[in-house]
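Here the structure is a predicted model, which means the values were calculated and not measured. When a residue number appears, it is its place in the shown sequence, counting from 1.
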Amino acid sequence: MMRPLAELDWRDITEAVPAIMTGITIPLTFSIADGIGLGFLTYVLVKVMVGRGRECSPMLVPVALLFALKSAWR
């Protein structure tokens, strides 16, 4: 699980932060789905905050929003 983290481009914060969040969330929540969902949400938020929101896939934004709604519903 750590090999992909070692191969990341650590200079691009928009790629590194979501990967770190996913890698930390999976073992802390004992849920792969929650970790990946938080990674999607973090990816979209970071890209939008730095002004690179157009790099997000059109399907990624609704999936991230659905995860946010699911998490808020709990």
Side-chain angles (χ1 to χ4, degrees):
M1 185 173 136
M2 296 312 238
R3 182 171 290 162
L5 288 177
E7 297 172 359
L8 274 176
D9 180 14
W10 291 97
R11 294 170 295 193
D12 185 4
I13 196 164
T14 64
E15 299 291 329
V17 170
I20 292 168
M21 290 298 294
T22 302
I24 290 172
T25 304
I26 289 173
L28 291 178
T29 62
F30 299 106
S31 173
I32 294 172
D34 285 343
I36 292 173
L38 185 65
F40 284 166
L41 185 59
T42 306
Y43 183 83
V44 171
L45 289 175
V46 170
K47 289 285 189 181
V48 169
M49 287 181 0
V50 299
R52 292 170 46 189
R54 293 202 179 265
E55 293 179 15
C56 294
S57 167
M59 282 305 297
L60 189 59
V61 174
V63 169
L65 291 174
L66 285 173
F67 177 76
L69 289 173
K70 174 194 163 288
S71 295
W73 189 261
R74 287 189 196 178

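Annotation for Ala19 and Leu8: closest pair CB-CD1, 3.3 Å, computed over non-hydrogen atoms. Across every non-hydrogen atom of Phe67 and Ala33, the tightest pair is CE1-O, 4.4 Å. In terms of heavy atoms, Gly39 sits closest to Pro18 at O-CB, 3.8 Å. Taking each heavy atom of Cys56 and Val61 in turn, the nearest pair found is CB-CG2, 4.3 Å.
Both Ile26 and Phe40 belong to a single network of hydrophobic side chains, linked directly or stepwise wherever heavy atoms of I, L, V, M, F, W or Y lie under 4.5 Å apart. Linking ILVMFWY residues whenever their side-chain heavy atoms come closer than 4.5 Å, directly or via other members, leaves Leu45 and Ile36 in distinct clusters. Linking ILVMFWY residues whenever their side-chain heavy atoms come closer than 4.5 Å, directly or via other members, places Val63 and Val44 in the same cluster.
Considering only heavy atoms from C-beta on, Leu28 stays 4.5 Å or farther from Thr25 through its side chain. At a threshold of 4.5 Å between non-hydrogen side-chain atoms, the residues Leu38 and Asp34 do not count as touching. You'll find the side chain of Ile20 reaches within 4.5 Å of the side chain of Trp10, heavy atoms only. Within the 4.5 Å cutoff, no side-chain heavy atoms of Met21 are placed close to those of Val46.
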Item to complete: Could you walk me through whether Asp12 and Asp9 pass the side-chain contact (heavy atoms from CB on, under 4.5 Å) test, one step at a time?
Response: CA-CA 6 Å; Asp12 185 4; Asp9 180 14; 3.8 Å; yes
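One distance of note links CD of Glu55 with OG1 of Thr14; it measures 6.0 Å at 0.5 Å rounding. Between Leu60 atom CG and Leu41 atom CG the span is 9.5 Å, to the nearest 0.5 Å.
Classification of Glu15 and Arg52 as a salt-bridged pair fails, no side-chain N sitting under 4.0 Å from a carboxylate O.
In the displayed structure, Ile13 atom CD1 is contacted under 6.0 Å by at most 12 heavy atoms of other residues, nucleotides or ligands.
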